[in-house]
Each structure stands twice: as structure tokens, then as C-alpha cells.
Amino acid sequence: MITQSHSKADAVREEVRAILQEVLGLGQRAQALEDTTLLLGDLPELDSMAVATVLTALEERFDILIDDGDITAASFETFGNLVDLVRAKRA
Amino acid sequence: MPDPDLSGTAGLAPAPHRLFFLGDGEMALPCIARGPATAPRATLVIVPPFAEEMNRCRLWLSQTMIRLASHDIQSLMFDLPGTGDSALPWPAARWDHWVEATRQAIAWGYKTGSTHVLAVRFGALLAAAACHNMPDKAASLILAAAQESGAMVLRSLLRVAGNPATLSQRLDAGDTIVAGGYVLHSSLTGPILQQKLGPLLDGLELKRAALDLTGVPSPWLQIEPEEPAALVESTVRQLLQLIGRAT
């Protein structure tokens with residue numbers, strides 16, 4: 001049985017996936033994103049402009065404010081880390 | 001109210017466009033207009049997003065203008081001073097220039113009849129500022145994915161160059177920085193930082209509406225914007241309904 005908290009967590013993951021798909025134009029490749037999938041350095045689309053746009057999209061879609069202090073070198077390392085960043089800001 | 005008729009050949013052939021400048025010299029506004037120049041059903045003035053977001057939105061907005069023309073609605077899109085085909089160099093652009101340019105574009109619409117304003121992203125702040133104290137009132141102000149504050153607008157751009165908080169401090173100290181290819185300095189960013197949509201909208205005595213863009217792509221967030229057919233369809237349908245109600 002899926003608990004409500006898990007369901008909400010999955011909703012966050014899927015929204016982050018949708019944002020990466022839309023911002024980076026990943027198409028069907030977005031469906032293959034798993035928590036361990038490498039992002040920065042592995043997705044050629046993810047340059048500095050794209051990182052800035054992803055952060056803007058995350059802030060607007062989740063109605064959160066992500067300060068630079070919230071972002072570490074690991075934040076964009078994997079898909080799972082990025083999802084965790086959003087969860088932490090929503091907590 | 002029934003959905004507007006989007007069937008038939010409407011929108012399939014690009015309507016003739018007119019390119020012209022409003023005003024003279026460096027502050028002249030490069031404009032593109034589509035739709036009937038005389039006796040249009042209504043005129044829509046599009047107030048553009050900021051910097052890179054405008055580039056990403058151009059195809060969406062251009063296709064929307066073409067579709068509106070087939071419904072006898074004239075539309076105008078202009079480049080803010082310092083952007084696009086404007087003769088003013090970007091570093092010389094100022095918030096006040098942009099507000100005045102927006103007023104000029106809206107006033108152009110008045111000359112042709114009932115005029116609505118579509119304000120996109122950063123354009124919402126500009127349009128709201130411009131609509132204050134204008135001698136004539138727009139028939140409606142329609143917001144599209146409006147940004148709530150100038151701080152949010154600049155934060156997005158500054159991020160491209162580094163830590164927005166640190167860069168903001170440098171701007172406050174009088175430094176010039178480059179973010180995403182745009183030269184920024186406090187003469188431009190200071191007034192933008194002061195803008196908040198809520199207070200700007202307060203006291204505006206005109207009809208207001210917002211496009212519902214959920215479930216359709218957001219080109220301003222796309223590094224390589226995709227074909228905006230679904231977004232254009234949604235935008236045109238809603239604009240026709242809103243203009244039909246307000247005209």
C-alpha cells in the first residue's frame with residue numbers, strides 16, 4: 001500500500017522529472033532518470049544557463065525559494081539529489 | 001460562453017505583417033504588427049518578457065499574433081529600448097525607458113480602437129507600471145505567467161553568472177557585471193528590484209485576467225523551445241474569450 005507521504009514524495013519526483021524534461025528538452029530520455037542518474041557533467045544540455053533556468057522553474061512550480069546556500073556541489077550531481085533538494089525546501 | 005470558433009482555415013496562412021518604428025532616434029520602438037490595420041475587431045499590445053526569456057517566447061508570441069489576425073484582431077509586438085532591433089545600446093537601457101516605451105505602444109493601440117494588453121512574465125511589471133496615469137484605459141490587462149517581482153526577474157538572470165546574493169551586493173556597490181551576456185549595473189537593476197506586481201496592480205481601474213497555462217509547455221523555461229502549437233492553441237482560445245467579454 002502506498003502511504004500518502006510516499007505518494008507526495010513521488011509527486012515531487014515526477015514534477016522534478018517534468019521540469020528537467022521541459023527545460024532541457026530531454027524528451028523520452030527523462031523517463032529513464034533514476035535517483036542515481038548523473039546530471040551535471042553527464043547531461044550535455046545542463047550548462048550554467050540551464051542550471052539557472054532549472055532553479056527558476058523549481059522555485060516557480062513548487063513555490064519555494066532556493067538560496068545559493070541551499071545548493072552544494074552535490075545538488076546537481078544526481079537526479080535523486082535534486083529531488084532531495086526540493087523535498088528539503090518544501091519540508 | 002461558447003468556445004470561440006477555431007475551425008476552418010483560420011490561422012493556417014501567415015497574415016501579412018507590418019514592420020515600423022514608433023518614435024525617432026535611439027528611443028524609437030521597433031514594432032511588428034499583424035492583423036487588420038483599419039477597423040480591427042480589437043487590438044492586442046504584447047508587453048515582452050525580459051532578456052533571454054523574450055528570445056524563448058518569440059515563436060509562441062509570433063504564432064499567436066498570426067492566429068489572432070485570422071480572427072480580425074490586430075496585434076503589436078515591440079522591442080524594448082536596448083533590446084532586439086532597438087538602436088539604443090543595451091547598457092543605456094533603463095526601467096523608465098521601458099515603461100515609457102510600453103505606454104507608447106499601448107497608445108498606438110488606442111488609435112486603432114479597443115486595445116487589450118497581453119503582459120508576459122517580466123512584461124507584467126512593465127505593463128502594470130505603464131497603465132498607471134495613462135489618459136485612456138486599456139480594455140483589459142491580461143497576464144501570462146506573470147513574475148511577481150523585479151527581484152525574481154533579476155535573480156533568475158544573475159544565477160547564470162554566479163551567486164545572486166553576492167552579485168546583487170556588487171551591483172549595489174556600483175560594479176558592472178555580465179550575466180548571460182547581458183551587462184548589468186545598478187542604474188538598470190536598482191529600479192527593477194523595487195518593482196512588485198501586487199502594489200503595481202493596486203489601483204489600476206481596468207479589467208484584469210490571467211491566462212491559464214497549466215498543462216502546456218512554458219517556452220520561457222526551455223533552453224531550446226519546442227514547437228509551441230499546444231500553447232498557441234490554448235493562448236488564442238483564451239484571448240478570444242477574454243477579448244470577446246471585454247470588448
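Proteins get letters first, then strands, A, B, ... in listed order; numbering begins at 1 in each.
Relative orientation of the W98(B) and F122(B) rings is perpendicular, given thresholds of 30° and 60° on the angle between their planes.
Put simply, of T166(B), V160(B), L221(B), the one with the most heavy-atom pairs under 4.5 Å next to chain A is L221(B). The candidate from I66(A), L24(A), V54(A), D47(A) with the greatest count of non-hydrogen atom pairs under 4.5 Å with chain B is I66(A). Note on N163(B), L157(B), L158(B): by heavy-atom pairs under 4.5 Å with chain A, the leading option is N163(B). For the set P164(B), A161(B), G162(B), the entry with the most heavy-atom pairs within less than 4.5 Å of chain A is P164(B). The residue among G25(A), A57(A), A18(A) with the most heavy atom pairs within less than 4.5 Å of chain B is A57(A).
The local environment of CD in E34(A) is sparse, with at most 12 non-hydrogen atoms from other residues, nucleotides or ligands closer than 6.0 Å.
Heavy-atom distances place no part of V51(A) under 4.5 Å from chain B, backbone and side chain included. If you measure heavy-atom distances from E52(B) to chain A, the contacts under 4.5 Å come from the side chain alone. Only the side chain of E60(A) comes within contact range of chain B, with heavy atoms under 4.5 Å apart. In this structure, chain B has heavy atoms under 4.5 Å from both the backbone and the side chain of L65(A).
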Next on the checklist: One pair to check against side chain to side chain donor-acceptor pair (under 3.5 Å): S156(B) and R121(B). What are the steps and the verdict?
Outcome noted: CA-CA 12 Å; S156(B) 299; R121(B) 302 285 289 163; 5.6 Å; no
Item to check | Worked verdict on D212(B) versus R237(B) for salt bridge (Lys or Arg N to Asp or Glu O under 4.0 Å) | outcome: CA-CA 11 Å; D212(B) 179 1; R237(B) 175 175 288 111; over 6 Å; no
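Under a 4.0 Å N-O distance rule, the pair R17(A)/D10(A) does not qualify as a salt bridge. A salt bridge links D79(B) with R58(B): the closest approach of a Lys/Arg side-chain nitrogen to an acidic carboxylate oxygen falls below 4.0 angstrom.
The backbone N or O of G27(A) lies less than 3.5 Å from a partner atom in the side chain of Q21(A), making a donor-acceptor pair.
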